[in-house]
Number of protein chains: 2
Amino acid sequence: MIQYKNIQYQCSMELTLDLIGGKWKSLILWHLGENTLRFSELKRTLPQITQKMLTQQLRDLETDGLVHRYIYTQIPPKVEYSLTDAGKSLLPILATLCQWGLNYANEVEVDGKDLTCEPSAPSSLSQ
Amino acid sequence: MIQYKNIQYQCSMELTLDLIGGKWKSLILWHLGENTLRFSELKRTLPQITQKMLTQQLRDLETDGLVHRYIYTQIPPKVEYSLTDAGKSLLPILATLCQWGLNYANEVEVDGKDLTCEPSAPSSLSQ
DNA sequence: TATAACAGTATAAAAAAGGATACTACATTA
DNA sequence: TAATGTAGTATCCTTTTTTATACTGTTATA
């Protein structure tokens, strides 16, 4: 039994899935990878996410100590996001999840060759 | 890009998390482990789950080819659940997720020593 | 002067996930 | 005869998650 944020988990796996589950978190972590990305760069990397969701998920990840947020006191604003050490320690696991899904897709389904486990466009055009 | 059940995934990791995400699926898979369990045994192993959710999640897992369902034509009914090969191939990944959560909990938080990555009570009293 | 870029916030709504309760049929047990 | 165990369904309801849309203030650019 484990407790985090007033939630009781029977198993630490549940905690892990709370931290990286949902529609966006793992994708954000994955795309951050080893890079530092600005808010707008992340937004462009995940075109389907709304601004609100991106903000919300980044706040959660920051609160959970997986993502670091650095605010440049500039105008117009500049905010950079990067993985903390805890966040980076998730990368191999995310890679495993990705690889398993790939195998699953290739064995069970066939819609979609050319799958990749790399973040699609590691655009590192920081300003 | 990959498609499964009319859902488009940008990355196969999203697919994986759809298959094992949610409140119960990973826990069910984990508790099945190498055992075969009857519906009521699973229910007792996860006391908090409702009958509806257990049925629903097991159906999903079956549809996705992760769990096998064997019906004995008896009265009262007897139905046994076990992992398929695809399901078993997830076990190492679940163990990794569990272990990561354990480390995270020990480093970030402290509420809850004696965490375990073993299914709490591997009760294998099949009738 | 109007527009775009930046990093958001606010509000409402829709969709998905999860939960509570009652019910089924049949056989065995008390 | 009534209660219990089996593996569920059916219905309704609540909570959580996700989406859509409009809006903020400042600066640089066209």
Side-chain angles (χ1 to χ4, degrees), chain A residues 5-10 14 17-28 32 36-64 67-82 123 125-127, chain B residues 4-10 14-15 17-28 32 36-64 67-82 123 125-127:
Chain A
K5 286 184 177 174
N6 291 331
I7 299 169
Q8 299 248 333
Y9 299 99
Q10 298 177 49
E14 299 172 79
L17 286 171
D18 258 16
L19 295 176
I20 68 169
K23 193 167 176 181
W24 300 111
K25 283 182 183 169
S26 57
L27 230 40
I28 291 170
L32 278 178
T36 288
L37 292 176
R38 296 181 62 170
F39 185 87
S40 54
E41 291 173 319
L42 265 172
K43 179 71 186 71
R44 273 190 292 269
T45 307
L46 298 106
Q48 302 294 348
I49 198 173
T50 61
Q51 222 161 5
K52 185 194 170 188
M53 285 306 289
L54 183 53
T55 304
Q56 201 174 94
Q57 304 303 301
L58 283 170
R59 289 294 178 285
D60 284 357
L61 292 169
E62 192 193 1
T63 302
D64 293 332
V67 158
H68 183 243
R69 178 163 176 256
Y70 189 77
I71 306 158
Y72 292 80
T73 47
Q74 292 181 356
I75 283 174
K78 173 173 175 178
V79 179
E80 280 186 347
Y81 293 92
S82 56
S123 61
L125 14 134
S126 52
Q127 184 198 327
Chain B
Y4 181 67
K5 285 184 177 176
N6 290 330
I7 299 169
Q8 298 248 333
Y9 299 99
Q10 298 176 50
E14 300 172 81
L15 169 59
L17 286 170
D18 257 17
L19 296 177
I20 68 170
K23 193 168 176 180
W24 300 112
K25 283 181 184 169
S26 57
L27 231 40
I28 292 171
L32 278 178
T36 288
L37 291 177
R38 294 180 64 170
F39 185 87
S40 55
E41 291 174 318
L42 265 172
K43 179 73 186 67
R44 275 190 291 269
T45 308
L46 300 109
Q48 303 294 348
I49 198 172
T50 60
Q51 223 161 6
K52 181 198 167 185
M53 286 308 289
L54 184 51
T55 304
Q56 201 174 93
Q57 303 304 301
L58 283 169
R59 289 293 179 285
D60 284 356
L61 292 170
E62 192 193 0
T63 303
D64 292 331
V67 157
H68 182 242
R69 178 164 177 255
Y70 188 77
I71 306 158
Y72 292 81
T73 46
Q74 291 182 356
I75 282 174
K78 175 174 175 176
V79 179
E80 280 187 347
Y81 293 92
S82 57
S123 61
L125 15 133
S126 52
Q127 184 202 323

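As a basis for the values below, the full set of heavy atoms in this structure was taken, side chains included, without hydrogen atoms, waters or symmetry mates. Lettering follows sequence order; numbering is per chain, from 1.
- In this model, the phosphate group of C:dC6 is not approached by any side-chain N or O of A:Arg38 to a distance below 4.0 Å at OP1 or OP2.
- The distance between atom CG of A:Leu46 and atom P of D:dT18, rounded to the nearest whole Å, is 14 Å.
- Between A:Ile7 atom CD1 and D:dT16 atom P the separation is 9 Å, expressed in whole Å.
- Within the 4.0 Å cut-off from OP1 or OP2 of D:dT9, at least one side-chain nitrogen or oxygen of B:Arg59 is found.
- Ring-plane geometry between A:Tyr70 and A:His68 is classed as tilted, the angle between the planes lying from 30 to 60 degrees on a 0 to 90 degree scale.
- A:Arg44 has a side-chain polar atom (N or O) that falls below the 4.0 Å cut-off from OP1 or OP2 of C:dC6.
- No option in B:Asp64, B:Thr63, B:Asp18 other than B:Asp64 meets the side-chain hydrogen bond (donor to acceptor under 3.5 Å, both in side chains) test with B:Lys5.
- Residues B:Ile75 and A:Tyr81 each lie close to DNA chain C; by heavy-atom proximity, the contact nearer the 5' end of the strand is made by A:Tyr81.
- When every heavy atom of B:Gln10 is checked against every heavy atom of B:Glu14, the shortest pair comes out as N-OE2, 2.7 Å.
- The separation between A:Lys52 atom NZ and D:dT24 atom P is 18 Å, rounded to whole Å.
- At whole-Å resolution of the value, CD in A:Glu14 and P in C:dA17 are 18 Å apart.
- Separation of atoms CG (B:Leu27) and CD1 (B:Ile20) is listed at 11.5 Å; rounding is to 0.5 Å.
- Summarising the geometry, the separation between CE on B:Met53 and P on C:dA16 is reported as 15 Å, rounded to the nearest angstrom.
- As rounded to whole Å, 13 Å separates atom C1' of C:dC6 from atom CG of A:Leu54.
- The structure places CG of B:Leu61 at 8.5 Å from CG of B:Leu32, a figure rounded to the nearest 0.5 Å.
- One interatomic measurement links the two molecules: CD of A:Gln56 to P of D:dT18, which rounds to 8 Å at whole-angstrom precision.
- Near DNA chain D, defined here as any heavy-atom distance below 4.0 Å, the residues from residues 17-27 of chain A are A:Gly22, A:Lys23, A:Trp24, listed numerically.
- If you take CD of B:Gln57 and C1' of D:dT9, they are 16 Å apart, rounded to a whole angstrom.
- In this structure, B:Gln51 and B:Lys43 approach most closely via the heavy-atom pair N-CE, 4.2 Å.
- Remark: B:Ser40 is in phosphate contact with D:dA7, judged by side-chain N or O atoms under 4.0 Å from OP1 or OP2.
- Annotation: the span from A:Ile49 atom CD1 to A:Leu58 atom CG amounts to 7.5 Å, rounded to 0.5 Å.
- Relative to the side chain of A:Pro77, the nucleotides D:dG25, D:dG8, C:dA20 differ in distance, and D:dG25 lies closest.
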